[in-house]
Undergrad: 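Quick one: the structure is below, and I'll ask about it shortly.
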Amino acid sequence: MTIIVKDIGTVDVEKGKDLLSIAYELGFKDALSALVNAQPKDLSHIPQDGDAVEFITFKHGLGKEIYWHSTAHLMAYAVKNLHPDAILGIGPATDDGFYYDFLIDKPLSDDDLAGIEEEMRRILDEDHRFKRVELSKDEMRELLTERGETLKVELLNDIEDEVISGYWLGEFFDLCRGPHLPSTSYIGAFKLLSVAGAYWRGDEERPMLSRIYGISFPTVEELERHLKLLEEAKRRDHRLIGRQMDLFSIEEKVGSGLVLWHPKGAVILDIIQRFWTDEHIKHGYQIVQTPHIMRDMLFKTSGHYDFYIDNMYTLNVEGTEYVLKPMNCPAHFLIYMSEIRSYRDLPIRYAEMGTVYRRERSGTLHGLLRVRGFTIDDAHIFCTPEQITEEVKKCLKFSVFFIETFGFTDYHFELSVRDPLNKDKYAGSDEEWERAEEALLKAAREVGFEPVRMEGEAVFYGPKLDLKLHDALGRIWQATTIQFDFNLPARFGAVYVDTDGERKEVVVIHRALLGSMERFMGTLIEHYGGDFPLWIAPVQARVLSVSDKFIKYARKVHDILKGDGIRSELDDRDARLQQKIRDAEVMKVPYMLIVGEKEEKEGLVSVRVRKRGNIGTVHLNEFIDNIKSEIESKSTPSMLKKE
RNA sequence: GCCCAUGUAGCUCAGUCGGUAGAGCACCUGCAUGGUAAGCAGGCGGUCACCAGUUCGAAUCUGGUCGUGGGCUCCA
C-alpha cells in the first residue's frame, strides 16, 4: 500500500507497519508523533492505504505540546508513587511547559519538587511505554472509579464521545485524548519549576488543588538554555531594576498597588507624556483634564456602578457620595455633551492622561503591572458611523508609530468578538456588533495587519482590537486597546445633529495606546533590562572626575550639558575612578564622561559607553552635538539590539 | 479573595536546640590623589512587619492582622 508523507511524497509501505517503524525507515529519527489526515496520532498507530502523514518533531508547536504533556504524565506517575492519596486533576501542556493538578490532603510545597524529580528519574530509568487503550464510557468510568480518580470521573461525564481513550504508563493510568510520545526514553531533560494553588476547573467555589509546573526538552543543552532565559527574565524584573535604578517604590505605608515615582522614574514618565501630548495634538486630538473624584450618580448613569461598585473606592463628602474615578469615559462624555454637536464637528477626539483607581483584589497585585492607582493614556473618539473605519485606521497607525518609537519591533493584533453562544450578555444589537467587527477588521487589513480572532474575549459593551507587543525575550505584553462602545452613548444620550437635522446617537471608540503608564513602564524596563534608549534614559550622561583636582572642570562640563538640556549628573565624590565607573554602570548611565588633566587642558571629554567601554576622547562641543542628534533620533542603541 | 511560600539595618542576606542580633554593600569620618567595573581603616545604623498568646526568657514556638512573591481567579 502507499501513503503520502509530507516533504517526501508517495511512499510504498508494508501493510500493518506502525508509524514508528515507517519514520525510522524514512529517516525521520526525531519524530515523536504524526498527523494522519490532519489528526494527531501516536507513532504506534498503523496507517491505512492512501493516508496523508506528516511526522511531527519537537520543533513543531504540536510536537512540544505532546512532549510536555507526556512529561506531565511522567510527573503525575511520580507524584502518585510518592503520594498514593493524591487524586489527579488535569495535566496539560502550556505555551511554555506543562503542569499537573493534584487533590492532596497536605498541599505540596517547593520542598517536594526535588523528591518528585528524583522519582521521575527513577521511573525514566525503567523506560516505560505510553500505551493507549480505548474503552467504552462505562468501562472507563469503572476503571477510573476503581482507581479512586473522582475528578477524572467528573471530566469523563462531560465527554460526549462513546469511545474514550486513556494511557497507561507502567502502573499509572490517565484519562487522556493523546497522543503521547512512544516511551519515556524520549524525555531527555526536565525540570520542575514551581508549585501553586489552582482551583479545580478554575472555579473559586471548588476545591483548591496543588499544581506543579515543569518544563522538558529533548536535550540537557536545550533545558539549560531555557533555564538561562528564565534567569535573564528574573534579572530584568522591573521590580528589581526599579529599585536598582531608583525609579519607583511601592510602600506598605502608602498602600498596596500604589506607586511612588522617584525622580528618575518620574522623569521617564514626564518624557513619555510630553512626547505623547505633542503627538496627540499633531494627530488631531484635543487634550482634556478631568477630576479624580466624581459623584457616584455619574457612574450610575454609565451603568458601571451596579456592576462594578465592589471595585470602586467611595467617599462621602457632606452627605454626598463620591467615588474615585475608575475610568475617564463618563467625564469625557460630559465634555462632549456640554454643547450640541453637529456632524460637521465630528470626529471629536478627547485625550487625557487620566489617573484612575480600581480596587483590584489583593492577590492580583504585581509590581507595576497590576496596581490600584494608574494613569491611562486614554482617549475617546466621537464620530459618525461612516467615520468608523477611518478613525480605527488612524488609531492603528498611531499605535504602531508609538510602539515602534519605543523600540518594539514585534507585535500582533487580536480582534476580540462576542461569544457566539452567549449573545445575551452583551450590549448593542447584532447589527451594531457586525458593523463594528467588520470596521475593525477592515481597518486592520487596510493598514496591513491580519488580527487573530478571539471568540468570546470581547467586553460586554463592544468588540475590541488589541495590540500585543513582544519584548526582547519574546514575552507578550498588552499595549494598545481600541474598543467600540454600544453602551455609554445610549445611556448618556450622546448625540449629534446629522445633515438631515435629526439627532443621532454618536459612535464612540475608546482607546489607549500604551495601556496604562505603570504597565507600560514595567514593559519598557523589562524590554530594555533598564538599558533605556538615550531619549528616555533618566540620566543621559554622568561626568566623572579622575581625581578631586579636576572637579572644577567636571562641574563646568556638567553645567554646560545641563544648560543644553541634557540630563547630566556629576560624580564629584572623593573616590577612585574605577569605583565611579562601576557605580555609573550599575545605574545603567548611557554615557560616562571622564575628565582629568588632559581633558581639562584641551576642553575635551573622554567618553565611555555603558556596557561597551572607552570609545576615546572628543571635544565637549562635538560630544554635545552627537548626543543631541542621538536623542533627537530616538534610536535604540545597536549594542542593545543584539541582546 | 483562595492555596503555598515569605517578612531580620536604606539594599542583599546569615542567625543551629528558645537565652533580647550579625555580614557585605550603602551612609558618615579619616588615610590614600587614584586614568576606564568595587583602594584601606574606623564609625553610625535594627521595637527582628504588627498585635496577642505560650514560656523564667521569643527573631526563633502558637494564633491573628498587614505586606510581599509564585499561581488560581478577576481585569467592567
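Throughout, a chain's letter reflects where its sequence line sits, starting with A, and its residues are numbered from 1. Only heavy atoms go into these numbers, but all of them, side chains included; no hydrogens, no water, no symmetry mates.
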Undergrad: Which part of the nucleic acid, if any, lies within reach of A:Gln478 when heavy atoms closer than 4.0 Å are counted: base, sugar-phosphate only, or nothing?
TA: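 Since no nucleic acid heavy atom lies under 4.0 Å of A:Gln478, the category is nothing.
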Undergrad: Thinking salt bridges, do A:Glu599 and A:Lys556 make one under a 4.0 Å N-O criterion?
TA: no
Undergrad: Please determine if A:Glu231 and A:Lys228 form a salt bridge, counting it only when a charged side-chain N lies under 4.0 Å from a carboxylate O.
TA: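 Salt bridge absent between A:Glu231 and A:Lys228.
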Undergrad: Any base atoms under 4.0 Å from A:Tyr461, or only sugar-phosphate, or nothing? Heavy atoms, all strands.
TA: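 A:Tyr461: backbone/sugar contact only, no base atoms under 4.0 Å.
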Undergrad: Give a yes/no answer on whether the side chain of A:Ser194 brings an N or O atom under 4.0 Å of OP1 or OP2 in B:C4.
TA: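 So the side-chain polar atoms of A:Ser194 never come under 4.0 Å of the phosphate oxygens OP1 or OP2 of B:C4.
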Undergrad: Under 6.0 Å from the ring centre and within 45 degrees of the ring axis: does the NZ or CZ of A:Arg206 meet both conditions for the six-membered ring of A:Tyr199?
TA: no
Undergrad: Can you tell me whether the side chain of A:Arg370 and the base of B:C75 have a donor-acceptor pair closer than 3.5 Å?
TA: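 Indeed, a donor on one side and an acceptor on the other fall under 3.5 Å apart.
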Undergrad: Out of the candidates A:His510, A:Arg358, A:Met312, only one should pair with A:Met327 under the side chain to side chain contact (heavy atoms under 4.5 Å, CB included) rule; please name it.
TA: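 Of all the options given, the one that passes is A:Arg358.
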Undergrad: Search all heavy atoms of A:Pro489 against all heavy atoms of A:Val506 and return the closest pair with its distance.
TA: CB-O, 3.5 Å
Undergrad: Under 4.0 angstrom, heavy atoms only, what part of the nucleic acid is A:Glu585 near: base, sugar-phosphate, or nothing?
TA: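 The answer is base, as A:Glu585 lies within the cut-off (heavy atoms under 4.0 Å) of a base atom.
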Undergrad: Are there any protein N/O atoms within less than 3.5 Å of an N/O atom in nucleotides 9-14 of chain B, and if so, which ones and at what distance?
TA:
residue : atom : partner  : partner atom : Å
B:U12   : OP1  : A:Arg243 : NH1          : 2.6

Undergrad: With sugar-phosphate meaning primed atoms plus P, OP1 and OP2, does A:Lys580 contact a base, only sugar-phosphate, or nothing at under 4.0 Å between heavy atoms?
TA: nothing
Undergrad: Centroid separation under 6.0 Å, is that true for the rings of A:Tyr336 and A:Phe382?
TA: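 Ring centroids of A:Phe382 and A:Tyr336 are less than 6.0 Å from each other.
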Undergrad: Does A:Arg608 contact B:A37 through a side-chain donor or acceptor facing the base, at a distance under 3.5 Å?
TA: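 Side chain to base: pair found, below 3.5 Å.
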Undergrad: May I ask you to say what A:Gly613 touches in the nucleic acid, namely base, sugar-phosphate or nothing, with a heavy-atom cut-off under 4.0 Å?
TA: nothing
Undergrad: Under 4.0 Å between a Lys/Arg side-chain N and an Asp/Glu carboxylate O for A:Glu585 and A:Arg610?
TA: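 No salt bridge links A:Glu585 with A:Arg610.
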Undergrad: With a 3.5 Å cut-off and just heavy-atom distances, do the side chain of A:Tyr199 and the base of B:G1 make a donor-acceptor pair?
TA: yes
Undergrad: Looking at every strand, decide which applies to A:Met592 at a 4.0 Å heavy-atom threshold: base, sugar-phosphate, or nothing.
TA: nothing
Undergrad: Classify A:Ser210 by what it touches in the nucleic acid, base, sugar-phosphate, or nothing, heavy-atom distance under 4.0 Å.
TA: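 Contact class for A:Ser210: none.
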Undergrad: Return the stems involving RNA chain B, sorted by first number, where pairs are Watson-Crick (N1-N3 with N6-O4 or O6-N4) or G-U wobble (N1-O2 and O6-N3), both under 3.5 Å, and runs are 3 or more long.
TA: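 For RNA chain B the paired stretches long enough to count as stems (3 pairs minimum) are B:1-7 with B:66-72, B:10-13 with B:22-25, B:27-31 with B:39-43, B:49-53 with B:61-65.
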Undergrad: Using the benzene-type ring in the case of Trp, are the ring centres of A:Phe486 and A:Trp433 under 6.0 Å apart?
TA: yes
Undergrad: How long is the line joining CZ of A:Arg361 and P of B:C74, in whole Å?
TA: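 Roughly 8 Å, once rounded to whole Å.
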Undergrad: With distance as the sole criterion, do the side chain of A:Glu599 and the base of B:G35 form a donor-acceptor contact below 3.5 Å?
TA: yes
Undergrad: So does A:Lys300 have more than 12 non-hydrogen atoms from other groups sitting under 6.0 Å from NZ?
TA: yes
Undergrad: So does A:Gln579 reach the base of B:A38 with its side chain, donor to acceptor, closer than 3.5 Å?
TA: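 When only heavy-atom distances are counted, A:Gln579 does not reach the base of B:A38 through any donor-acceptor pair under 3.5 Å.
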Undergrad: Please work out if A:Asp574 contacts a base, only the sugar-phosphate, or nothing of the nucleic acid, heavy-atom cut-off 4.0 Å.
TA: base
Undergrad: I need the CG-P distance between A:Leu365 and B:U73, as an integer number of Å.
TA: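 So the two atoms are 17 Å apart, to the nearest Å.
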Undergrad: Do the side chain of A:Ser256 and the base of B:U68 come within less than 3.5 angstrom through a donor-acceptor pair of N or O atoms?
TA: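 When only heavy-atom distances are counted, A:Ser256 does not reach the base of B:U68 through any donor-acceptor pair under 3.5 Å.
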Undergrad: Using a 4.0 Å heavy-atom cut-off, does A:Gly255 contact any base of the nucleic acid, only the sugar-phosphate backbone, or nothing at all?
TA: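 Result for A:Gly255 = nothing.
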Undergrad: Test ring pair (Phe, Tyr, Trp, His ring centres under 6.0 Å) on A:Phe98 and A:Tyr100; report intermediate values, then the result.
TA: CA-CA 7 Å; A:Phe98 60 86; A:Tyr100 215 115; 9.0 Å; no
Undergrad: Using a cut-off of 4.0 Å on non-hydrogen atoms, how would the nucleic acid contact of A:Val546 be classed: base, sugar-phosphate, or nothing?
TA: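 Base, at least one base atom sits under 4.0 Å.
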